[in-house]
Amino acid sequence: MSGHFILPSHNKQQGTNLVSLDIDSLAVAHEVIGMKPEGLTPLILCPSRGCCSAYMNIPEGFVAMVTRWGRYIGKWEPGLHFAPPWYGVAYLVTQADTVFDCPVKNCKTKDNVDVSIDVVLVFRITEAENFVYKLGAEKLEDLLRASQEEAVRSLARSQKYVKVYELQGMNTDEMLQGLNAKLDSYGVEVTSVTITSVRLTPEVAAAMQNETTFESKQNEEAKSQEFNLRVLGDKEDFEKLKEKRHFERLDEEQTIKTRLAEVDKETAMIVAEGDKQIAEIVSQEQADIARIKEEQDLVVAQLSGQAAKALAENTAQGEKLSAKINADAEAYFTTCMAAARLQVAQLEAEKTELISDAAGKSAPKLAAKREHVEQMLKAETIGKLASNKNVVVSGSSGDNMLAQLAAAQSGAIVMGVDPFKNSGGRA
């Protein structure tokens, strides 16, 4: 026993050795698979289990073949599973790809020369039940060695020793199909077959090397002579080609110079035409600017005259309308004031009359005084009306205004009142 596993009794052979191992527990499965103990490649692990555990943790990359009371009941996928003590994992089968190396020695070529060929194949287990119960790891190794050796020997027999090195890296699809046809029923699939090395015996290899060296020297001499002849021919061709290229270059340079002169001439013409067009555009723009300015000045003058005329007309109409409004307002004011004074005088007279009536006959001497007051008020009123130039006075004397005013003035003077005292002497 070594570490967590028990080494089986196995007759080791050259290349890969496939085995089944007993291990302490499920927990060390990855460790054992990775270390390849003693150069062995385990495909099947048989783990032990404690009697007090209620769970089993199946590691990733394996298929667990589970038993109950020692009887197989099926496969469990990786993960934690509830399992009473009477459950167990009989076999833990790896699902990883496995590399199998099997060198085949003393293969006979078509011309009976011994050759050793190394073949590496990659396989994986697809059906754990078929593999475990029908074949197993050790028998799979024997089957692979026998099948591979048969196919390699048959392949070597089809080639002569001078071409046997061509087998290395060749297409092995036919060999791959033959192996899968034999292993399919056991739940094993081969994914690739590669011939990694082809070796002849030292004597044959040395003879082949000498022969190859002689042929190589002959080929080298022939190639050297051919090369020298080609160099001479190439040198003459090169000189001819060089001279030809020289004249072609001269012709090309002359063509380029001619073309450049034409381009310069075309460019000068285009520039001159452009300058001419620019001068015409500038002249036209200046003429347009002058015309637009004249039109603007004319329009401004017309508008200024129209504005001045409209302003004068509006000013005259405003003054006329203002004078009329002032005259109408003054006349209206005077008329209203005269009417108001007349009404006040009448009211005063009525007041006096009422007072006189109220006194009755007990005051007969007041009649003369009342008449005198009325005459004075009337004279004062007529005088003020006469002093207003905007009022036309009419009376019993017809349209003779002077006679009416003179009569009023005489009456007022007799009563001791000057009707023009406040009128500035106007009649």
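At a threshold of 4.5 Å between non-hydrogen side-chain atoms, the residues Leu143 and Leu183 count as touching. Using a 4.5 Å cut-off on side-chain heavy atoms (C-beta onward), Lys324 and Lys320 make no contact. At a threshold of 4.5 Å between non-hydrogen side-chain atoms, the residues Val19 and Thr41 do not count as touching. Within the 4.5 Å cutoff, the side chain of Phe247 has heavy atoms near those of the Glu243 side chain. In this structure, the side chains of Cys102 and Val119 stay at 4.5 Å or more apart for every pair of heavy atoms. Asn326 places none of its side-chain heavy atoms less than 4.5 Å from the side chain of Glu330. With a 4.5 Å cut-off on side-chain heavy atoms, Thr16 and Val99 do not count as touching. Inter-residue side-chain proximity for Ile117 and Pro103 is flagged as unmet; no heavy-atom pair is nearer than 4.5 Å.
In this structure a side-chain-to-backbone donor-acceptor pair under 3.5 Å is missing from Asp184 to Asn180. Side chain of Ser48 to main chain of Ser25: no donor-acceptor pair is present (N/O by atom type, distance under 3.5 Å, no hydrogens or angles). Counting only distance, with no hydrogens or angles, the side chain of Ser154 and the backbone of Glu150 share no donor-acceptor pair below 3.5 Å. At least one donor-acceptor pair closer than 3.5 Å links the side chain of Ser304 to the backbone N or O of Val300.
Note that CD of Gln286 is 10.0 Å distant from CG of Asp288, once rounded to the nearest 0.5 Å. The structure places CD of Gln343 at 11.5 Å from CD of Glu348, a figure rounded to the nearest 0.5 Å.
Ion pairing between a basic and an acidic side chain is recognised when a charged N comes within 4.0 Å of a carboxylate O; Glu295 and Arg291 show such pairing. Salt-bridge check for Lys240 with Glu236: failed, with every basic side-chain N at 4.0 Å or more from each acidic carboxylate O. A salt bridge does not link Lys265 to Glu262: none of the charged nitrogens lies less than 4.0 Å from a carboxylate oxygen.
Scored by the side-chain contact (heavy atoms from CB on, under 4.5 Å) test, Phe123 finds Leu18, Leu43, Thr98, Phe100, Leu121, Leu140, Leu144, Val188, Val190 as partners (sequence neighbours excluded). Qualifying salt bridge (Lys or Arg N to Asp or Glu O under 4.0 Å) partners for Glu313, counting only residues two or more places apart in sequence or in other chains: none.
Just one residue in the list Leu135, Ile125, Thr126 forms a side chain to side chain contact (heavy atoms under 4.5 Å, CB included) with Tyr186, and that residue is Leu135. Results of the side chain to side chain contact (heavy atoms under 4.5 Å, CB included) test with Leu250 over Glu248, Glu252, His246 single out His246 as the only residue that passes.
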Listing, residues 57-80 side-chain donor-acceptor contacts under 3.5 Å, not counting sequence neighbours, or none:
residue, atom, partner, partner atom, Å
Thr67, OG1, Gly88, O, 3.4
Arg68, NH1, Tyr87, OH, 3.3
Tyr72, OH, Glu129, OE2, 2.4

